[in-house]
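What follows is a set of notes on a single structure, which appears directly below.
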Amino acid sequence: MGAKLLLENMRDTPGCFQEDILETLWAGLPERFRTVDLASDGLEPADRAAFTLGKHHRGFRLRFWQLPAPMDREMAWCCWRIADLGGRIPVGAVQGLIISLARAAEDHPEFRGSLMEHTPREWERALAAAYARHYGRLPGKGWTLNTATVLRRCYQMLWAAYDQRPWWEREVWDPHLDRRIPLRDHEPNGDHSLYFQSLQPLWLRHGFRWYLKVALETGELTWTTARTRRSGIQVFGDWITGHAVTLPARAPWSVRACSGCDPDTGQRGNELILKP
């Protein structure tokens, strides 16, 4: 799961904030991480090993409380989640992101809330604008890369955490974030994700995801082969869309609007309903 893939597949799509899920995530944090003022002296040695510090720094303090709610707890949870997944937390970049998010929220009241309420692209623009207002110049390439990388990483972890659907119904299949996805031992492509947002029409997307789910669970396909099939079905989907092909007349499902919030789009969407 890389920032480039997220950039191409999720950059213009918002997530869906769900307060009850955030409450559950927050309650499930180890007590030493359940704070919006995280200091190194309150962590265990094994915890501190996950934080990357500058050459001349021995300790750190991450002041998530500078952010508006619920963004403060979202970012604090992401910090723990990175460590929980075995990743490294670049303290300097996270501190810079916290300051930038706070400045963006100060400049634009509509950004005071959950990270999920705006797309990654909208956040990137707001952060760059806040930097320019504060320093009187546009941010450099290094700052943009470091800040955007951490932002996208946190965004995708929250996206996955808020989405409580079965793994195969998600628009993004990321084995790193969702251990329910069947993989072989020592899967060579286990760090690569599958994205389904661009696969249209909707009935094809749902049907194809079901096919891959069954094939992966039964061992008919490996994760590597599934990624190849995903690339191939896109060509078919583009052809169907271009020829205005409608739902198959004898399909065992129908499409209807759903009233809930789609965790993948943040909007009301459609769902497939099996016919009796």
Side-chain angles (χ1 to χ4, degrees), residues 1-6 15 17 21-105 114-116 120 123-124 127 130-131 134 139-162 174-180 183 186 190-193:
M1 178 191 68
K4 290 185 178 179
L5 285 177
L6 177 59
F17 169 65
I21 294 178
L22 179 59
E23 293 295 335
T24 301
L25 296 174
W26 188 252
L29 284 176
E31 186 175 356
R32 60 191 183 277
F33 279 95
R34 200 183 312 130
T35 175
V36 293
D37 191 6
L38 185 66
S40 56
D41 55 10
L43 299 177
E44 298 176 357
D47 298 327
R48 292 195 293 270
F51 292 83
T52 304
L53 300 174
K55 182 182 298 185
H56 302 293
H57 293 81
R58 294 177 178 269
F60 63 86
R61 192 175 211 98
L62 296 175
R63 297 176 174 85
F64 300 108
W65 55 264
Q66 294 177 320
L67 300 172
M71 195 189 310
D72 54 351
R73 290 190 296 167
E74 287 181 331
M75 287 297 300
W77 178 85
C78 286
C79 184
W80 167 82
R81 183 59 171 153
I82 292 173
D84 181 57
L85 292 170
R88 304 282 288 180
I89 304 162
V91 172
V94 173
Q95 289 173 330
L97 177 59
I98 292 172
I99 294 172
S100 298
L101 289 171
R103 288 172 178 165
S114 168
L115 276 175
M116 299 289 97
W123 275 114
E124 290 166 11
L127 296 182
Y131 183 100
H134 185 79
K141 183 177 181 180
W143 182 93
T144 301
L145 178 61
N146 292 334
T147 303
T149 298
V150 177
L151 171 67
R152 296 168 195 167
R153 193 176 188 183
C154 293
Y155 201 94
Q156 188 161 9
M157 288 189 297
L158 286 168
W159 178 304
Y162 283 135
D174 187 337
H176 189 59
L177 297 179
D178 194 338
R179 300 301 186 185
R180 299 173 297 176
L183 294 181
H186 310 296
D191 58 344
H192 290 74
S193 303

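What you see is a predicted model; the values in this text were computed from it and never measured. Below, each value reflects all heavy atoms present in this structure, side chains not excepted, and no hydrogens, waters or symmetry copies.
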[atom1] of [X] to [atom2] of [Y]: how many Å apart, nearest 0.5 Å?
X    : Y    : atom1 : atom2 : result
I89  : T52  : CD1   : OG1   : 8.0 Å
I82  : C154 : CD1   : SG    : 5.0 Å
L85  : L177 : CG    : CG    : 6.0 Å
D191 : H176 : CG    : NE2   : 9.0 Å
M75  : W65  : CE    : CH2   : 15.0 Å
L25  : W80  : CG    : CH2   : 8.5 Å

Qualifying residues under side-chain contact (heavy atoms from CB on, under 4.5 Å), relative to [X], sequence neighbours excluded:
X   : result
L22 : F17, P70, R73, E74, Y162
T35 : D37, L38
E31 : R34

Look only at the side chain of [X] and the backbone of [Y], and say whether a donor-acceptor pair between them is shorter than 3.5 Å.
X   : Y   : result
S40 : F60 : yes
Q95 : R61 : yes
D47 : L43 : no

Can you name the residues that form a salt bridge (Lys or Arg N to Asp or Glu O under 4.0 Å) with [X], not counting sequence neighbours?
X   : result
R81 : D84
R58 : none
D72 : none

Mind listing the closest non-hydrogen atom pair of [X] and [Y] along with its distance?
X    : Y    : result
I98  : L67  : O-CD2, 3.4 Å
G87  : R153 : CA-NH2, 3.7 Å
W77  : W26  : N-CZ3, 4.4 Å
A83  : A50  : CB-CB, 3.9 Å
C79  : L62  : SG-CD1, 3.8 Å
A148 : E124 : CB-OE2, 4.4 Å

Please report the C-alpha distance between V94 and F51 in whole Å, then the side-chain angles of each, then the deciding distance to 0.1 Å, and finally whether the side-chain contact (heavy atoms from CB on, under 4.5 Å) criterion is met.
CA-CA 10 Å; V94 173; F51 292 83; over 6 Å; no
Considering only heavy atoms from C-beta outward, does the side chain of Y155 approach that of C78 to under 4.5 Å?
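With C-beta onward as the side chain, the pair stays apart.
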Test side-chain contact (heavy atoms from CB on, under 4.5 Å) on W123 and L97; report intermediate values, then the result.
CA-CA 11 Å; W123 275 114; L97 177 59; over 6 Å; no
